[in-house]
Amino acid sequence: MSLLNQVESFFDEAASYLSYPKELLEQIKVCNSVLSVSFPIKRDNGKIEVISGWRAEHSFHRLPTKGGIRLSENVDISEVMALAALMSYKCAIMDIPFGGAKGAIKINPKLYSTSELERIIRRYTFELYRKNFIGPGVDVPGPDMGTNEQHMAWIADTYMAISNDPMYYFASVTGKPVNQGGIRGRKQATGLGVFYALSYIFKDLEKKTIAIQGFGNVGYHLAYYLFNELNAKIVAIADVRGTLFNQNGINVNKLYEYQQEHGSIEGFNDGIFYKDSNKVLEVDCDILVPAAIENVINESNVNKIKAKVVAEAANGPTTFNAHFKLLELGKIVIPDIYLNAGGVTVSYFEWLKNLSHVRFGRLDKRLREQNNLLLIKQIEELTNKKVNERDLEILKRGPKEEDVVKSGLYDTMVSAYEEILEYSNKYKTDLKTAAFIVAINKIAITYEQLGIFP
Ligand code: NAD
């Protein structure tokens with residue numbers, strides 16, 4: 001089954017609990033618009049290469065549509081449509097007023113120089129613009145597998161150059177560097193969102209053993225917070241080259257330094273390295289976090305999963321059949337459409353910042369500091385006790401942008417989880433089916449209120 005079939009099967013399973021007209025469900029399920037592009041670029045050696053790419057806008061029930069751009073040689077149009085659908089459901093679950101979208105360029109980014117990548121991304125942006133597939137109120141891309149802040153800056157700059165939209169061009173793409181209209185906290189948002197969710201769900205997270213597949217944007221940031229904030233024991237980490245195992249726990253900071261220098265975790269001297277990226281999935285641990293690619297937990301290996309919890313940080317890491325097999329085996333699955341939504345949540349904050357042209361916290365930080373100080377002074381006078389200098393600094397502090405972003409992210413992750421849990425109890429389903437039910441309900445209500453469906 002393709003990823004698209006998997007996503008549609010999860011959708012149908014959840015829809016079977018609901019009594020909406022089948023036409024309405026069909027409208028929610030289908031992809032509303034797909035763009036396919038091919039264009040030539042000149043390689044550094046002077047040769048011309050034709051590049052293919054796509055952008056799928058899954059749902060127009062809310063605008064703009066929103067979703068990352070993936071650079072991968074294994075991607076195809078059907079996968080892009082599946083990922084766009086996941087974005088619609090994700091945004092609905094998180095109460096983010098966007099429809100879902102996704103883009104992809106079929107290349108292995110590691111085989112291109114920086115200037116070649118710049119030409120490819122700028123040209124892809126131009127193609128999106130020509131077909132009205134990008135714009136602050138139309139469709140807003142962001143980073144995904146293989147793309148980073150630099151790529152997002154090129155997209156914003158290209159959009160600015162061709163759109164004649166000097167007021168709002170920064171809001172045409174998210175995940176930009178902070179000094180190019182980005183927001184503090186976006187880079188780490190998906191991993192941090194996973195961390196917040198897991199810390200909320202498992203109050204004793206620091207005592208759990210954890211294995212993570214993927215040491216890129218999502219996997220690394222999750223590992224960073226687990227290691228540095230909780231000193232949690234991460235017993236295995238995998239990247240595309242293989243799995244690093246250390247039952248005493250991996251030093252994430254040292255591994256990251258090593259990876260930055262060598263381009264992979266292979267060869268790190270503290271632990272055993274297996275040249276098998278999927279070995280990590282079968283490690284004995286409490287929580288397994290697939291944070292790399294889709295369909296890695298499938299019928300061929302589902303029986304070998306030892307972890308009690310599968311926390312889906314990647315998009316679509318578990319196939320439909322494997323998902324229900326995991327449940328049969330008594331495992332808990334925390335679903336992707338909820339768990340990795342921290343990225344789009346902070347992207348939403350970035351978009352709001354770009355539309356308002358003001359940094360969060362800028363207007364009221366000082367005012368809050370003064371009020372906090374006044375309050376502390378009053379309490380000191382009334383109690384005849386002095387707050388020590390260290391606590392005073394913390395108590396009087398007004399929120400900076402990063403504080404506001406983290407607070408909004410935490411609150412969104414927690415509220416969405418509570419809602420999914422409520423639906424899971426109400427319909428007596430697993431968390432993934434419940435998450436789809438939440439999403440379908442919210443999108444269905446939008447259509448019903450328009451009076452299109454009876
Ligand atoms: P990334 O490109 O930064 O990192 C991907 C990691 O996965 C790398 O460590 C790579 O070595 C590893 N990997 C690649 N192929 C692999 C394979 N076959 N087996 C094992 N490991 C492999 O990507 P990312 O942004 O961290 O995204 C990871 C997943 O999270 C994807 O499914 C993506 O769609 C999803 N996601 C990302 C974001 C985001 O903000 N970046 C948001 C939501 C969801």
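Start at 1 and go down the list; that is how both ligands and their atoms are numbered.
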Can you tell me if Lys90 and Asn315 form a side-chain donor-acceptor pair at under 3.5 Å? yes
Nearest candidate to atom 43 (C) of ligand 1, where distance is taken over non-hydrogen atoms, out of Val296, Val240, Asn340, Asn295: Asn340
Answer yes if the side chains of Asn253 and Asn228 hold a donor-acceptor pair under 3.5 Å, and no otherwise. yes
Can you report which non-hydrogen protein atom sits closest to atom 23 (O) of ligand 1, along with the distance? Met145 CG, 3.2 Å
Does Arg43 make a cation-pi contact with Tyr112 (under 6.0 Å, within 45 degrees of the axis)? yes
Test item, Arg70 contacting ligand 1 (heavy atom, 4.0 angstrom): yes
Between Asp286 and Lys207, does at least one N-O distance fall below 4.0 Å, as a salt bridge requires? no
Proximal atoms of ligand 1 relative to Ser277 (non-hydrogen, under 4.0 Å): 19 (N), 20 (C)
Side chain, backbone, both or neither: which part of Ala238 comes within less than 4.0 Å of ligand 1 when only heavy atoms are counted? neither
Only heavy atoms count here, so choose which of Ser264, Gly216, Pro290 is nearest to atom 4 (O) of ligand 1. Gly216
Do me a favour and list the nearest non-hydrogen protein atom to atom 17 (C) of ligand 1 with residue, atom name and distance? Ile293 CD1, 3.8 Å
State whether the shortest distance between N or O atoms of Gly146 and N or O atoms of ligand 1 falls below 3.5 angstrom. yes
Check: Phe215 N/O within less than 3.5 Å of ligand 1 N/O: yes
Flag Ala291 as yes when one of its N or O atoms lies below 3.5 Å from any N or O atom of ligand 1, and as no otherwise. no
closest protein heavy atom to atom 29 (C) of ligand 1 is Ala292 O, 3.3 Å
Among Tyr129, Tyr124, Phe170, find the one that has a ring-ring contact (aromatic ring centres under 6.0 Å, His included) with Tyr159. Tyr129
Option nearest atom 34 (O) of ligand 1 (shortest heavy-atom distance, choices Leu281, Val218, Asp144): Asp144
Inspect the surroundings of NZ in Lys275 and state if more than 12 heavy atoms from other residues, nucleotides or ligands are less than 6.0 Å away. no
Below 3.5 Å, N or O to N or O, backbone or side chain included: is there any such pair between Asn315 and ligand 1? yes
Report yes if some N/O of Lys102 lies less than 3.5 Å from some N/O of ligand 1; otherwise report no. no
Just checking, any donor-acceptor pair under 3.5 angstrom between side chains of Thr174 and Trp351? no
May I ask whether Arg186 places a heavy atom under 4.0 Å from ligand 1? yes
Counting non-hydrogen protein atoms only, what is the nearest one to atom 25 (O) of ligand 1? Give residue, atom name and distance. Asn217 CB, 3.7 Å
Between Tyr410 and Tyr200, is the side chain to side chain contact (heavy atoms under 4.5 Å, CB included) condition met? List the steps. CA-CA 9 Å; Tyr410 184 86; Tyr200 181 74; 3.7 Å; yes
Which residue, Arg359, Lys353, Arg186, forms the salt bridge (Lys or Arg N to Asp or Glu O under 4.0 Å) with Glu401? Lys353
Report yes or no: do Gln188 and Tyr224 form a side-chain donor-acceptor pair below 3.5 Å? no
for atom 39 (C) of ligand 1, nearest protein heavy atom and its distance come out as Thr190 OG1, 3.5 Å
For the residue pair Tyr258 and Phe268, is the inter-centroid distance of their aromatic rings smaller than 6.0 Å? yes
Distance-only side-chain donor-acceptor flag, His61 / Ser59, under 3.5 Å: yes
Within ligand 1, which atoms have a heavy atom of Ala313 less than 4.0 Å away? 30 (O)
Please identify which atoms of ligand 1 are closer than 4.0 Å to at least one heavy atom of Gln213. 19 (N), 20 (C)
